[in-house]
Number of protein chains: 2
Amino acid sequence: MKISVLGEGTHRQSCQDCAARDFAICAALDNTELRELAQLSRHVRFESGATVFAQTNMATSFFSVHEGTLRLYKLLPDSRRQIVGFALPGDFLGLSGLPQHEFSAEAIGRVALCQFSKESFATFAENRPGLLRRIIELAGRELARAQEHMVLLGRRSAEEKIASFLIGWRDRLSGIGRGGEILPLPMKRLDIADHLGLTIETVSRTFSKLERDGVIQIFAGGVVLDVARAEALSGGAS
Amino acid sequence: MKISVLGEGTHRQSCQDCAARDFAICAALDNTELRELAQLSRHVRFESGATVFAQTNMATSFFSVHEGTLRLYKLLPDSRRQIVGFALPGDFLGLSGLPQHEFSAEAIGRVALCQFSKESFATFAENRPGLLRRIIELAGRELARAQEHMVLLGRRSAEEKIASFLIGWRDRLSGIGRGGEILPLPMKRLDIADHLGLTIETVSRTFSKLERDGVIQIFAGGVVLDVARAEALSGGAS
DNA sequence: CGTCAGGTTGACGCGTCTCAAAGTGGGTGG
DNA sequence: CCACCCACTTTGAGACGCGTCAACCTGACG
């Protein structure tokens, strides 16, 4: 297991002006509490491909994503892989609260995270209802996303899967202020395949077909998306 | 939309000796709090097939399942259906916290629920960290189940899906003290199909094959399961 | 210029879906 | 009590979407 920490240390910059603050659990805290929580946190960085934690590990930390993208995946014994989600800035890792990690987390490109020891974070949160409610809010959002993804995996065709994925990814990015003309896709085709329950060949073919049909334009590391046409092909919401 | 309430009223029996208490959110409350919460609740019953709430409805209530089984599902515009889960005694409905229900809930057989108005429950929970932590615990468990189900939907074959489902269902039932020689399956074949991302024909064929292979014995409303052989066919955990 | 990871494209096969028909059991009315 | 109906399930035959296997392309990097 490759684990590479590029740099780490205590908070290099104040949490007050953290770009992810409004999307992360921190949104529930006032400035005093934020400073207190910062005392408990370490800023850690991982290089591309590094494993932040693995499914078999005991969960000794919570993480809040500060910058970058991660793939969260589960493996079957014969090494089939299902990517259960991609984590973006503001996402909180460790919501399950179980003693062992439910999935593995790997950096896609470089990532920066705030790390909290499980015990000290639990102590800090224990009697802060505002923070606890914020965690419930994030968990509920995550659960809703998971259920929407079950519909995709169970009931959508390959083309609908790709179209739905692109729309959902776009919406998530714009939700954290990363919207734009070009839709960045930092993950590889294989990651998309393992996220959508397809093979890499089917993903590649479907991207090509969508480009031929004028739904997307493919660039290195991203696409330009015709949202209306993609929605028409996605099989619909819900 | 058929909504049939067989009977309703305030708490007909004390919450103290509720069979679901230890599995429900109520486990976080002492007897005084329990009595207080009971004041806010209505016991409601639904007959088989009744809709408890629909995806389009505004979520005005939370529910805690007291007795029975429900199917929780999402529909695509062309009426393809994905059952995102089955709710059992102790399960809490409304975890997403969003203003609209994320899925529809229908009774499979008769069900009994505790209903809380969203506002009064929120007020009650607001400054009870113990209860909030309990909700986080239930949400985390639900999230872990959802992620496990994504692996099933995205990466398992039909036979592995059925075998995994039977094992998981068995484990869930024994977790709430409903284990036994015969494994009850209150849901129809079509429900299983829509839960596992299959068609009813494939489910039926696979059940027949598992019976021919001596993995299960099929009875009306349930099966007897050879757990070891089912696990061998399930493709493995995680 | 060679190597290598990632991506694309094609031919073919298989697992699951689709369509169709028949079997089963519970409930109801004659 | 039997005849019929209806919802649900089972089984079969054929079609098709996606997976598998294999070859080739592309760009980054040394």
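Protein chains get the first letters and strands the later ones, always in sequence-line order, with residue 1 at the start of each.
A donor-acceptor pair under 3.5 Å links the side-chain atoms of B/Asp78 to the main chain of B/Arg80, judged by distance alone. Side-chain atoms of B/Ser164 come within 3.5 Å of backbone N or O of B/Ser234 as a donor-acceptor pair. In this structure, A/Lys74 contributes its side chain and B/Glu148 its backbone to no donor-acceptor pair below 3.5 Å. In this structure, B/Arg155 contributes its side chain and A/Arg81 its backbone to a donor-acceptor pair below 3.5 Å.
Spacing between atom CD of B/Glu211 and atom P of D/dT10 amounts to 9 Å, rounded to whole angstrom units. Per the geometry, NZ belonging to B/Lys188 stands 12 Å off C1' belonging to D/dC6, to the nearest Å. For the pair B/Phe207 CZ and D/dC8 C1', the interatomic distance rounds to 14 Å; values are reported in whole Å. Atom C1' of nucleotide D/dC6 and atom CG of B/Leu190 are separated by 16 Å, given to the nearest angstrom. Atom CG of B/Leu185 is separated from atom P of D/dT9 by 11 Å (rounded to the nearest Å). Note: CD1 (B/Ile218) to P (D/dT9) measures 11 Å, nearest angstrom. Atom CZ in B/Phe219 sits roughly 14 Å away from atom P in D/dT10 (whole-Å rounding). Distance A/Arg189 CZ to C/dT9 P: 11 Å, rounded to the nearest Å.
The two residues B/Ile108 and B/Leu70 come nearest to each other via the heavy atoms CD1-C, 4.1 Å. Listed here is the closest heavy atom pair of A/Ala54 and A/Ser104: CA-OG, 3.5 Å.
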Collect all protein-nucleotide pairs involving nucleotides 13-19 of chain C in which both atoms are nitrogen or oxygen and the distance is under 3.5 Å.
| from | atom 1 | to | atom 2 | distance (Å) |
| --- | --- | --- | --- | --- |
| C/dT16 | OP1 | B/Ala158 | N | 2.9 |
| C/dC17 | OP2 | B/Thr199 | N | 3.4 |
| C/dC17 | OP2 | B/Thr199 | OG1 | 3.2 |
| C/dC17 | OP2 | B/Thr202 | OG1 | 2.5 |
| C/dT18 | O4 | B/Arg205 | NH2 | 2.8 |
| C/dC19 | N4 | B/Glu201 | OE2 | 2.9 |

Report each atom pair, protein N/O against N/O of nucleotides 25-30 of chain D, whose distance is under 3.5 angstrom.
none

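Annotation: side chain of B/Val223 is in contact with side chain of B/Phe207 (closest heavy-atom distance under 4.5 Å). Side-chain contact check for B/Gln100 versus B/Met58: some heavy-atom pair is nearer than 4.5 Å.
Between A/Ser204 and C/dT9 there is no side-chain polar atom (N or O) within less than 4.0 angstrom of OP1 or OP2.
In this structure, A/Phe86 and A/His195 have perpendicular ring planes: the angle between them is above 60°, well past the 30° mark.
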